[in-house]
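Computed from a prediction, not measured in an experiment: that's the story for all the values here. Start at 1 and go down the list; that is how both ligands and their atoms are numbered.
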Amino acid sequence: MSTQTAPVGARPSVKELEDLAFELREKLLHLCGTYEGAVHIGGDLSSADILTALFSYGMKVDPSDIANPGRDRFVLSKGHAAVCMYIAMAIRGFFSYDEIVATYGQLDSAYGMHPCKVQLPGVECSSGSLGHGLPIAVGMAMGARHRGDDHRVFCLLGDGETGEGSVWEAVMAARSNELGNVVAFVDRNRQLMTSFAEERIVFEPYPDKWRAFDWNVIEIDGHDMSQLVGAIDALPAADSNRPTVVICETVKGKGVDFMEHNLAWHAGSLGAADLERAMAALQASRKKETF
Ligand SMILES: Cc1ncc(C[n+]2csc(CCOP(=O)(O)OP(=O)(O)O)c2C)c(N)n1
């Protein structure tokens with residue numbers, strides 16, 4: 001399978017980013033079709049455009065210089081989307097996709113179902129227990145301020161995850177400490193693990209909840225690459241005093257019609273026949289968007 005790694009230093013166009021996101025989805029499906037266990041494919045597909053925009057456009061990171069103190073940091077708070085992050089990072093040049101496919105989820109593999117920073121240099125934070133990523137990101141951002149570093153700390157959360165109280169403590173702490181270097185992205189796919197979000201928790205008026213904590217709130221379609229790029233370009237300076245949340249409206253299972261909005265595909269595995277069907281659906285969705 002081809003890899004269109006974005007060159008270090010160059011910023012790809014919206015069209016190139018769309019191609020990279022498509023490549024990411026193809027690679028996700030291929031892995032899901034060859035791995036015997038379950039993959040969190042629904043929430044991987046909803047995050048695919050966001051992670052492509054962050055790793056291939058938005059973040060100041062260099063796979064050949066992963067310890068550079070000036071690099072932006074990334075925390076995958078929805079740690080169950082690890083494989084989507086691994087592949088987005090592979091496309092950016094951090095890892096080998098073939099190695100991910102060959103070892104994913106196996107005992108002693110660095111590519112676990114949830115990310116482990118000790119096993120995988122380049123990953124900034126071990127995660128998987130929901131509700132902890134933003135608190136960690138806030139701590140990292142405070143550390144940066146104390147050191148006088150001007151990088152940002154990005155964090156991707158699931159919307160269901162923001163039902164955890166620890167998230168809102170971190171939201172309050174970030175504003176209280178004037179951490180404009182914190183940027184949260186919320187994958188607002190409106191689904192949880194076994195139910196639709198609003199059936200369990202009243203999230204709405206969701207953006208107003210973030211505004212009430214005096215965050216800078218940006219609302220976008222999380223599958224529209226030009227809006228993702230626009231949100232990233234509009235971020236306030238890292239030394240400003242209000243943290244930013246980019247609330248991304250998304251679809252769980254995006255790109256594969258029989259997975260979209262389907263509670264059965266929070267996690268699952270594809271057999272050979274399903275893989276073919278999923279790939280055909282992905283191709284069809286791309287055609288639909290082109291015309
Ligand atoms: C503290 C904690 N509780 C429960 C889980 C199990 N779990 C994994 S994914 C998930 C649903 C999360 O929903 P959301 O944050 O909206 O993620 P997405 O729909 O984007 O996959 C749950 C409950 C967990 N990983 N951590």
Give every donor-acceptor pair under 3.5 Å between a side-chain atom in residues 262-279 and any protein atom, sequence neighbours left out.
{"residue": "Asn262", "atom": "OD1", "partner": "Ala264", "partner atom": "N", "Å": "2.9"}
{"residue": "Asn262", "atom": "ND2", "partner": "Phe258", "partner atom": "O", "Å": "3.0"}
{"residue": "His266", "atom": "ND1", "partner": "Lys252", "partner atom": "NZ", "Å": "2.8"}

Name every donor-acceptor pair, under 3.5 Å, that has one atom in a side chain of residues 125-145 and the other anywhere in the protein, sequence neighbours excluded.
{"residue": "Ser126", "atom": "OG", "partner": "Lys117", "partner atom": "N", "Å": "2.9"}
{"residue": "Ser127", "atom": "OG", "partner": "Leu76", "partner atom": "O", "Å": "2.6"}
{"residue": "Arg145", "atom": "NH1", "partner": "Glu178", "partner atom": "O", "Å": "2.6"}
{"residue": "Arg145", "atom": "NH2", "partner": "Ala238", "partner atom": "O", "Å": "2.8"}
{"residue": "Arg145", "atom": "NH2", "partner": "Ser240", "partner atom": "O", "Å": "2.9"}

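Salt bridge annotation for Arg152-Asp72: absent, with no cationic side-chain nitrogen under 4.0 angstrom from a carboxylate oxygen.
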Check ligand 1 for N or O atoms under 3.5 Å from a protein N or O and list each pair with its distance.
{"residue": "ligand 1", "atom": "15 (O)", "partner": "Glu161", "partner atom": "N", "Å": "2.9"}
{"residue": "ligand 1", "atom": "16 (O)", "partner": "Asp159", "partner atom": "OD1", "Å": "3.0"}
{"residue": "ligand 1", "atom": "16 (O)", "partner": "Gly160", "partner atom": "N", "Å": "2.9"}
{"residue": "ligand 1", "atom": "16 (O)", "partner": "Gln191", "partner atom": "O", "Å": "3.1"}
{"residue": "ligand 1", "atom": "17 (O)", "partner": "His80", "partner atom": "NE2", "Å": "3.4"}
{"residue": "ligand 1", "atom": "19 (O)", "partner": "Asn189", "partner atom": "OD1", "Å": "3.4"}
{"residue": "ligand 1", "atom": "19 (O)", "partner": "Asn189", "partner atom": "ND2", "Å": "3.3"}
{"residue": "ligand 1", "atom": "19 (O)", "partner": "Gln191", "partner atom": "O", "Å": "2.9"}
{"residue": "ligand 1", "atom": "19 (O)", "partner": "Lys252", "partner atom": "NZ", "Å": "2.7"}
{"residue": "ligand 1", "atom": "20 (O)", "partner": "Lys78", "partner atom": "NZ", "Å": "2.8"}
{"residue": "ligand 1", "atom": "20 (O)", "partner": "Asn189", "partner atom": "ND2", "Å": "2.9"}
{"residue": "ligand 1", "atom": "21 (O)", "partner": "His80", "partner atom": "NE2", "Å": "2.7"}
{"residue": "ligand 1", "atom": "21 (O)", "partner": "Lys252", "partner atom": "NZ", "Å": "3.4"}
{"residue": "ligand 1", "atom": "25 (N)", "partner": "Gly128", "partner atom": "O", "Å": "2.8"}
{"residue": "ligand 1", "atom": "26 (N)", "partner": "Leu130", "partner atom": "N", "Å": "3.1"}

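Here OH of Tyr97 is found 9.5 Å from CD of Glu23. Values are rounded to the nearest 0.5 Å.
Residue pairs meeting the side-chain hydrogen bond (donor to acceptor under 3.5 Å, both in side chains) criterion with at least one member in residues 164-173, sequence neighbours excluded, do not occur.
A side-chain donor from one of Asn216 and Thr244 sits under 3.5 Å from a side-chain acceptor of the other.
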